[in-house]
Amino acid sequence: MKKPTLKNVLGSVSSFLLFFLTVGFIVSCCMMLFVRVLADTMGLTLTPDNIAAAAKVTFWNVVLITFLFKFADHIRRRIMVDRPTKIITEAIKRMMAGDFSVRIKPMQSAGTEGFNEIAEGINQMAQELGSVETLRTDFIANVSHEMKTPLAVMQNYGTLLQSPDLSEEKRIEYAKGVTDGSRRMADMMTNILKLNRLENQQIYPQVTEFDLGEQLCECLLQFESVWEHKQIEIHTEIAQDVTVEADAELLSLVWNNLFSNAFKFTPSGGTVTVSLTATAHHAIIKVTDTGCGMTSEVGAHIFEKFYQGDPSRAVQGNGLGLALVKRVIDIMQGEIGVESAVGKGSTFTVKIRRS
């Protein structure tokens, strides 16, 4: 408990004197009015001795009333102001020290309703800050982990390239390893920047009307060399004249990521199917592969940043593609879901509003 300072003592004394003068003025006026009316009504004569005696009684009554009121006000402030203020201040200090698990319990004392509203707001803020801190910590850990692998690969290949008796074939192989590692890091940085801009609403949709079927075909053709190399069979069921009003560039990110994942996880000789159907108000796109599939537990987290359900396949990506897809679909006020079974493949379904 803090010792009272001279400033606090002087403040208390001045407060008491101000309250005393106020009460004294009010009581004196009331007494004077009462005595005057009583004297006029009953025909009493007031003498100096009577007035002096009444003044002394009134003075000590004012002192007593002032003391009682100030004492009652002091108790009220301790219970209804000082105690809630101390609780809230201590909670804020803990938050400032980095403890976002702090929560302020509702106060049951009468007259603390306003403090309860403040406490509720602080609890919500602590919860949000705790979530942000967790995301920040996970983000840093994941980025560090993701960068460590390509950096180690590039470092190893760079060391091997310094060998003086290196054959041309090995030199090309090691140089390709360095190039692939740097490309993976560049792709990760690009996706991080895109995701950051999307999450902070620094990218605003440029809405235009366009043929969705044509866009799907154009994006799919970009992977022609991939499916030919892996001898993947392509099935398309794309309805004609399906137009949407959306940001074409942002939607191309969605299709490119979904197609890339489909070809990435589909083994040689597998099948990738792309379908487009339309209702009066929505366009429905499905991308199906015959790849490794995933469990329901993995599917529940697949759209989270840096989440990779199969560690053995982590080298093929950085866990940001589907997070980008989900954010774009949310901005477009659409829906995305996944159905999958281990060993049978996955189907991603996207629903976009047409108008």
Contacts satisfying side chain to side chain donor-acceptor pair (under 3.5 Å) that involve residues 157-166 (not counting sequence neighbours) are S163-D165
Atom CD of E224 with >12 non-hydrogen neighbours under 6.0 angstrom:
yes
Just to verify, what does I92 make a side-chain contact (heavy atoms from CB on, under 4.5 Å) with, not counting sequence neighbours?
I88, M96, I122
Taking all non-hydrogen atoms of both residues into account, name the closest pair between P267 and I232 and its distance.
O-CG1, 4.0 Å
Within the supplied structure, the quantity of interest is the number of heavy atoms (other residues, nucleotides, ligands) at a distance under 6.0 Å from K326 NZ; does it exceed 12?
no
When clusters are formed by joining ILVMFWY residues with side-chain heavy atoms under 4.5 Å apart, either directly or through shared neighbours, do V272 and V338 land in the same one?
yes
Taking atom NE2 as the centre, does H235 end up with more than 12 heavy-atom neighbours from other residues, nucleotides or ligands that are less than 6.0 angstrom away?
yes
Heavy-atom count check: over 12 atoms from other residues, nucleotides or ligands less than 6.0 Å from E228 CD?
yes
Provide the full list of ring pair (Phe, Tyr, Trp, His ring centres under 6.0 Å) pairs with a residue in residues 237-258, sequence neighbours left out, each pair given once.
none
Taking every heavy atom of F259 against every heavy atom of L216, the minimum-distance pair comes out as CE1-O, 3.7 Å
I'd like to know whether CD of E249 has more than 12 heavy-atom contacts from other residues, nucleotides or ligands below 6.0 angstrom.
no
Can you spot which of T271, T266, T347, T273 makes a side-chain hydrogen bond (donor to acceptor under 3.5 Å, both in side chains) with T288?
T347
Show your working on side-chain contact (heavy atoms from CB on, under 4.5 Å) between L161 and L166 and close with a plain yes or no.
CA-CA 7 Å; L161 282 171; L166 195 64; 4.0 Å; yes
Is there a path of hydrophobic side-chain contacts, each under 4.5 Å between heavy atoms, that joins I234 and L276?
yes
Cluster question for you: counting only ILVMFWY and a side-chain heavy-atom cut-off of under 4.5 Å, with indirect links fine, are I238 and F263 together?
yes
May I ask you to say whether R171 pairs ionically with E168, meaning some side-chain N is under 4.0 Å from a carboxylate O?
yes
Looking only at non-hydrogen atoms, find the nearest pair between D247 and F210 and report the distance.
C-CE2, 4.4 Å
Ionic contact status for E173 with K170, cut-off 4.0 Å:
yes
Donor-acceptor pair, side chain of Q333 and main chain of R353, under 3.5 angstrom
no
Do L251 and F223 sit in the same hydrophobic cluster, where Ile, Leu, Val, Met, Phe, Trp and Tyr count as joined when their side-chain heavy atoms come under 4.5 Å apart?
yes
Work out which heavy atom in G345 is nearest to a heavy atom in S340; give both atom names and the distance.
O-OG, 3.1 Å
For M154 against S182, the heavy-atom pair lying closest together
SD-N, 3.5 Å
Q222 atom CD, over 12 foreign heavy atoms within 6.0 Å
yes
Tell me whether F100 is reachable from V102 by hopping between hydrophobic residues (I, L, V, M, F, W, Y) whose side-chain heavy atoms are closer than 4.5 Å.
yes
